[in-house]
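The structure appears below as structure tokens.
Per chain, numbering begins at 1; letters A, B, ... match sequence-line order.
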Amino acid sequence: MATHSKDYDFSQIEPYWQSFWEENRSFRADNASAAPKYYVLDMFPYPSGSGLHIGHPEGYTATDILARYKRARGFNVLHPIGWDAFGLPAEQHAVKTGTHPASNTQNNIVNFRRQIKALGFSYDWDREIDTTDPKYFRWTQWIFLQLFKQGLAYVDERPVWWCPELRTVLANEEIVDGRSEVGGFPVERRNLRQWVLRITAYAERLLEGLKRVDWPDSTKRMQEAWIGRSEGAELLFALENPALGDLKVFTTRPDTVFGVTYMVVAPEHPLVNALTLPAQRGAVDAYRRQAAAKSDLERTDLAKDKSGVFSGSFAINPASGARVPVWIADYVVMGYGTGAIMAVPAHDERDYEFAQQYQLPVIPVIEPAEHAGNGEARPPLPYTGDGVLVHSDGYSGLPWAEAKARITEDLAAKGRGRATVNYKLRDWLFSRQRYWGEPFPIVWVDEASYKTAAALRPGDLPAEPVTYVQDGATLYALPLPPGALPLTLPEVQTYLPSGTGESPLAGVTPWLERWIHAGTGESIPASEPRPAGEAWVRGRRETNTMPQWAGSCWYYLRFMDPANAHALASPEALSTWGVPDLYVGGAEHAVLHLLYARFWHKVLFDLGVVPQDEPFTKLFHQGIILGEDGEKMSKSRGNVVNPDTIIASHGTDTLRLYLMFLGPLEAMKPWNPNGIEGVHRFLQKVWRECIGREGEIASKVVDDPAAGGPALRKLLHETIRKVGDDIEGLRFNTAISQMMIFVNAVQKSDQVDRGALRTLLQLLAPLAPHIAEELWSRLGGSGSVMLAPWPAYDPALLIASEQKVIVQVNGRKRGELILPVGATQDTALNAALKQTEVVSFTEGKPVRRVVYVAGKILNIVVE
RNA sequence: GCCCGGGUGGCGGAAUGGUAUACGCAUCAGACUUAAAAUCUGCUGGCCGCAAGGUCUUGAGGGUUCGAGUCCCUCCCCGGGCACCA
């Protein structure tokens, strides 16, 4: 046991203990254990070609500390790692080099694994997973089939963001400032057939569930804002031309309906053509072309000026009967609400701006309550504050909120409206025109074939078939039966997308065109003769693949039972491990990954697969580590810190400790190479307190709990308490400070108890495990330090018999007293008034008041 | 524009409404050394003062309180998110 190094030779010690843990499989999580479970999860990495970034070990060290601490506390700990290995960079590399993305991905994984192992994290490597492994994505596909069966997946020809450079469509969330998030290339609108997941069906539950999770408030707020719930009403405005029917609008302010002076429909609104009168045709067509050509950026960010065009048609206000013009303007978007609004310029900033631009009337219908019935001191328009109604027949004088309810009810009674809730959340665009992703387990067939399949396995199909029309023929989406999974990727000649919107898979005819057994999913290339039997049907595989989010939506479940060939995880494993007790990862996933995974989890909950409906009950974001120059680390700035370099120069214990000592885990903080030296010195100091020059146990170490005196003993117990509390609260920087304080005291002491040092090593072990193991072993600790139960502090030792009390005069410190615990105010005051420095401030002045907080402060207020 | 988070020594940071600046870094001085490194000891917020001590100080300004880095109001700066969502 232990190495024989005389001084702190981390390059010898760290590999030694890493092999020790590996050989003893020290971190294996036990699915059958009777101990209480603790599941601590990292956001698993995308194994990029550039290797581990310093941000990875930051979060990973934090969870590792928790994992090791909880094991010492007697928990059965699940602490796993894996690879989120589908993704664009590997594919772009493949396009460039012509090599299969899998080979590049595997090389990167080998490198990541090496780097992560060198950091000494206590992962259960028996549970390592890889989202590109067919044994894994078989279950990603299986979950998709469940979504499909539930009617939560559909196809739609819809305008999507197409990136010519990446030759793929991107989700709204993957567009930043009108450019692709990956690469920063321009994007444009294109109509393409897409798979879409009906996440909006879960909008309310996704919102409601946020109330029950322990997440950073900012992250909850971001998800709330993303879901964007707003209560209001849908109102029907009859169009003056009865042939056109009604114009349906959504508004959150039905109380302002008497202030409507015009209507607006989005340029993409289906009624635009019908609304446009011949005289306006030219202007409207030009405007629509212009709006269509605008990029997202132009239409939102930069377009501070409103634009629009009159359609020539009029609508009738269902409340007032007023006749108002219908405009077409791109400040109204088709994707939200009904794509049409009632404009109330007096009480809406956007409508006001538009009305000013086109000289449309403005009718105020809300006034602040204190100005009601008083023509003077009206607020400036647009007025969006609270108030009561004016100029609203039958409702004037009513408070805003009440009018909102009443008007909605009354219009509903007339069949002209109803209260509704709208969400900003859109359905999730779930397909990519790429090679390197999970293939959809879907085959497109004709109606007759679909009916054949429906008869054979009705349970696999959605209530309504998913179809799309191509070249006049209706195609039906036929899912593969779960038993036919996984559907793997074929070899391709080129990884380059076709450029027409289809993925490279569209070029692999033998894989694509199949004879399929509608019952079993068994299939052969269509070039071969059709096998005998009614069940064999002709089909074309789906050529889209799933986005990278798919694999990361459920990986935390697979860790519970990673080798299971019959289910994504066994019900026993799912019930044993539940959901992660702590999930740590970057705030950049606050919306996307965390929202998608919650959606899938809720679907799995509804299916009875998982026993709880929120996947991540406690979430924490580690802060970003900036470069030495205080700027974001980037290759171009040359301020990137590579973990390998630090491990080579100072060891991983130093790196881990330094990352935790930098500042609060959640804070953004700059890297400082000098700070590394500081914590390294601390570890060397710990070593020297335990080990002498020749590698023997240091001469000051004795077997006497009283060694060093009662003060040192008290400090030890304070340290036990603080380190434990701080680890639980993820306050590692202050835990380390406390250990430094204790070690400084040990250093100043002539003798130190061996047991006290061993306790210190136990406290240090979660943070700097290698040196802790080594010294624990040398000091005669039995077995691995991690097997020793976490030390308990003695509360009796923390209570002092005397306490320091600060003496203030008029709130300013003028002296201090040492008083026995429980000293009364009189005792304290008498003692204080004997101190000359205190008396010099109180002398000759009447004492007006005395504030005494036992054990803390005595404040004498004079004059 | 709206919603969050944050401004504390030369630097990273610490402080249940109760001694502001713990711990670490850096600087300086000293010990050890032929010397250096390593290590150890000590100093180190500003101003006034030989000193004892005083006084000011947590982005700025007000307020609450016996007492405010901490609570409240107004403003400035930095970081993040959303952004014509009706």
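- Shown for residues 714-738 of chain A: residues whose heavy atoms fall under 4.0 angstrom of RNA chain B, namely A/N733, A/T734, A/S737.
- For A/F354 and A/W327, the distance between ring centers is under 6.0 angstrom.
- The side chain of A/R681 places no N or O atom within less than 4.0 Å of a non-bridging phosphate oxygen (OP1 or OP2) of B/C40.
- For A/R688, the side-chain atoms get nearest to B/U39 when compared with the rest of B/C23, B/U39, B/G18.
- Pairing for B/U58 is absent, judged as Watson-Crick or G-U wobble with the two contacts each under 3.5 Å.
- At least one side-chain nitrogen or oxygen of A/R812 sits closer than 4.0 Å to the OP1 or OP2 atom of B/C56.
- Map A/A667 and A/K685 each onto its nearest nucleotide of RNA chain B; the residue landing nearer the 5' end is A/A667.
- In the displayed structure, A/E204 atom CD is contacted under 6.0 Å by more than 12 heavy atoms of other residues, nucleotides or ligands.
- Going from atom NZ of A/K6 over to atom P of B/A38 covers 22 Å, rounded to whole Å.
- Regarding contacts with the backbone of B/G24, a side-chain N or O of A/N744 is found under 4.0 angstrom from either OP1 or OP2.
- For the OP1/OP2 pair of B/C40 and a distance below 4.0 Å, the side-chain nitrogens and oxygens of A/Q747 include at least one atom meeting the criterion.
- Side-chain proximity of A/K669 to B/G13, B/A86, B/A26: nearest is B/G13.
- With its glycosidic angle within 90° of 0, B/G9 is assigned syn.
- Side-chain contact check for A/L425 versus A/W226: some heavy-atom pair is nearer than 4.5 Å.
- For A/R693 and A/W687, the positive end is not near the middle of the six-membered ring at less than 6.0 Å and at most 45° from its axis.
- With hydrogens and angles left out, the side chain of A/N674 and the base of B/C25 share no donor-acceptor pair within 3.5 Å.
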